[in-house]
Amino acid sequence: MNLKVVAATPFDDQKPGTSGLRKKVAVFQSAGYLENFVQAIFDTIFDNAAAPSGSTLVLGGDGRYYNREAIQIILRMAAANGVAKVLVGQGGILSTPAASCVIRKYRTCGGIILSASHNPGGPEGDFGIKYNTGNGGPAPEKITDAIYAASRSLSRYRIIDAAGVALDRIGSYTLGGMSVEVIDPVADYADLMESLFDFAAIRDLIGGGFRLCFDAMHAVTGPYAKEILERRIGAPAGSVINGVPLPDFGQGHPDPNLTYAHELVAIMYGAAAPDFGAASDGDGDRNMILGRGFFVTPSDSLAVIAANAALAPGYADGIAGIARSMPTSAAADRVAEKLGVPCFETPTGWKFFGNLMDAGKVTFCGEESFGTGSSHVREKDGLWAVLFWLNILARRRLPVEEILHRHWAEFGRNIYSRHDYEALPAVVAAGVMAQVKGQFATLPGSSFGDYRVKFCDDFSYTDPIDGSLSSGQGLRIGFDDGSRIVFRLSGTGTEGATLRIYLEAFEADPARHRVDAQQALAALIRIADEVSQLRPRTGRAEPTVIT
Ligand code: G1P
Ligand code: ZN
């Protein structure tokens with residue numbers, strides 16, 4: 001093997017955020033940048049030595065620009081670091097949940113996933129990389145902190161000189177003594193889905209004329225959705241739109257929300273809308289669920305899935321518990337209470353669910369940011385949520401909207417919205433947070449019209465399994481009637497700072513469940529403005545994105 005030890009100058013900006021390291025493509029292309037971070041991963045997980053014998057890794061990405069080049073570099077570095085075997089998705093493709101599935105199924109020591117999730121791709125877009133541990137989930141903070149520390153003190157990286165691996169052909173190859181297996185990126189994942197859901201019932205539903213539209217947004221889920229939705233459950237060809245993954249996602253923004261999935265939204269709110277619509281993001285872990293002319297908030301989606309868990313064969317024996325991120329609405333808490341199972345409130349980011357799932361304490365997890373999933377893998381899983389909904393619809397034979405109205409009638413409705421202010425100067429965003437926090441001593445007990453502040457705090461979380469403490473996870477203002485406002489800075493943006501304001505109110509009366517969320521939350525929105533001095537501080541008249 002032609003091993004090279006290359007002198008490296010450390011970078012000091014390689015701190016992984018909520019979901020790995022994300023930067024502009026050009027940054028990743030700059031000399032040594034990717035190599036430095038990858039070596040930091042290897043030094044951390046292999047303790048500054050060569051990989052233990054027999055170590056197997058999974059490698060794949062969402063297919064965005066620079067995916068293939070990065071895969072070839074990482075393969076050559078893995079060989080140089082003594083990795084025995086790498087399972088890589090054909091074409092360098094693996095959706096994030098599929099990577100998690102493959103890590104778990106083949107019991108590898110972890111995997112490297114190349115993705116900047118829902119961020120735009122292409123030469124001017126974003127790239128990203130993250131390490132997942134052997135449980136299939138994102139590395140916990142203890143490990144990402146160690147990777148960051150290693151990235152700042154590296155003096156060398158290891159790579160071999162070798163020709164690239166033929167990523168497009170399934171098969172086994174050797175690379176400098178390391179074995180590389182190019183695998184079908186879809187099959188293991190599709191089999192797992194088939195083991196969890198009632199495909200026969202869904203096929204029957206579709207056979208009866210039920211129509212669906214899945215928007216893969218030219219991102220990684222195209223091949224997965226075509227195999228599962230069109231081939232295995234029999235949706236007519238064309239039910240999957242934008243199904244060919246493109247390096248720049250067709251110049252779109254592969255984020256399944258009402259703003260960016262506008263093509264799907266137009267279809268679902270149009271005259272000939274099908275019965276069910278869904279979309280997934282760049283790397284396949286997010287999902288948006290739509291009925292005919294109807295949007296299901298991710299917080300409600302988690303609650304509905306939990307309330308209907310028994311309808312899916314994989315969950316028919318009951319669930320252990322539910323976990324949701326702090327800013328996610330408390331709709332799932334109400335279901336957990338009724339089911340008599342625990343509900344955990346964690347900081348933002350899927351990695352906080354890992355310990356709870358590993359310990360068997362929770363089955364379902366969800367985030368308001370279009371993330372839903374279960375302990376079948378250790379990532380959120382877009383197509384899993386879509387299939388869960390199809391399973392529910394196949395068994396209940398009601399329109400999506402009707403499922404929600406019946407759910408709210410039973411549990412009450414947590415009216416919810418998130419307002420994002422993107423690309424703010426970092427000092428301005430920090431100023432807004434400081435402004436809010438500065439009032440924490442005086443806010444409790446004070447009133448804004450009908451709303452009386454009950455508590456405020458900066459959310460912190462002690463992991464019930466390993467005792468680790470995560471603080472500074474978002475500023476909460478809670479009111480006497482159960483409503484709340486949360487202020488939080490995004491950890492995934494790559495341009496300036498993004499401020500997120502989460503608004504939630506509870507409505508028990510079914511006569512008032514059909515209200516428009518922005519109207520119902522108007523008073524809370526005004527309070528948020530006032531407390532944070534948002535307008536004068538940011539100069540913004542409106543949020544960039546309202547969900
Ligand atoms: C966002 C979401 C968060 C999610 C993360 C990764 O992070 O808010 O729930 O886990 O993307 O998909 P944020 O930008 O808010 O830090
Ligand atoms: Zn994603």
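Counting convention: from 1, in listed order, for ligands and their atoms alike.
Take the N/O/S atoms of Asp281: the one nearest the Zn ion (ligand 2) is OD2. Asp283 has its closest N, O or S atom to the Zn ion (ligand 2) at the position named OD1. Taking the Zn ion (ligand 2) as reference, Asp285 places its N/O/S atom OD1 nearest.
A side-chain N or O of Thr96 and one of Asp283 form a donor-acceptor pair less than 3.5 Å apart. There is no side-chain donor-acceptor pair under 3.5 Å between Tyr148 and Asp12. Judged purely by distance below 3.5 Å, without hydrogens or angles, the side chains of Thr348 and Gln473 never pair a donor atom with an acceptor atom. Side-chain N/O atoms of Trp350 and Ser325 include no donor and acceptor closer than 3.5 Å. His376 and Asp381 form a side-chain donor-acceptor contact under 3.5 Å, judged by distance and modelled atom types alone. Judged by distance alone, the side chains of Thr372 and Asn287 do bring a donor and an acceptor atom under 3.5 Å apart. A donor-acceptor contact under 3.5 angstrom links the side chains of Asp188 and Tyr106, judged on distance only.
By the 4.0 Å heavy-atom criterion, Gly349 is counted among the residues contacting ligand 1.
Listed by number with element, the atoms of ligand 1 under 4.0 Å from a non-hydrogen atom of Ser490 are 13 (P), 14 (O), 15 (O), 16 (O). Those atoms of ligand 1 with a heavy atom of Arg500 less than 4.0 angstrom away are 8 (O), 13 (P), 14 (O), 15 (O). Close approach to Gly491 involves these atoms of ligand 1, each under 4.0 Å from a residue heavy atom: 13 (P), 14 (O), 16 (O). Against a heavy-atom cut-off of under 4.0 Å, Lys380 is close to the following atoms of ligand 1: 4 (C), 6 (C), 10 (O), 12 (O).
Heavy atoms of Ser369 found under 4.0 angstrom from ligand 1 belong exclusively to the side chain.
Of the charged side-chain nitrogens involved, at least one lies within less than 4.0 Å of a carboxylate oxygen, so that Asp420 and Arg418 count as a salt-bridged pair.
Nearest to atom 8 (O) of ligand 1 by heavy atom, out of Arg418, Glu367, Glu422, is Arg418. When the heavy atoms of Arg22, Arg286, His118, Lys351 are ranked by distance to atom 11 (O) of ligand 1, first place goes to Arg286.
In summary, Ser117 places an N/O/S atom under 2.8 Å from the Zn ion (ligand 2), meeting the contact criterion.
An N or O contact shorter than 3.5 Å is missing between Leu489 and ligand 1 by distance.
A cation-pi arrangement, defined by a distance under 6.0 Å to the six-membered ring centre and an angle within 45 degrees of its axis, is absent between Arg22 and Phe28.
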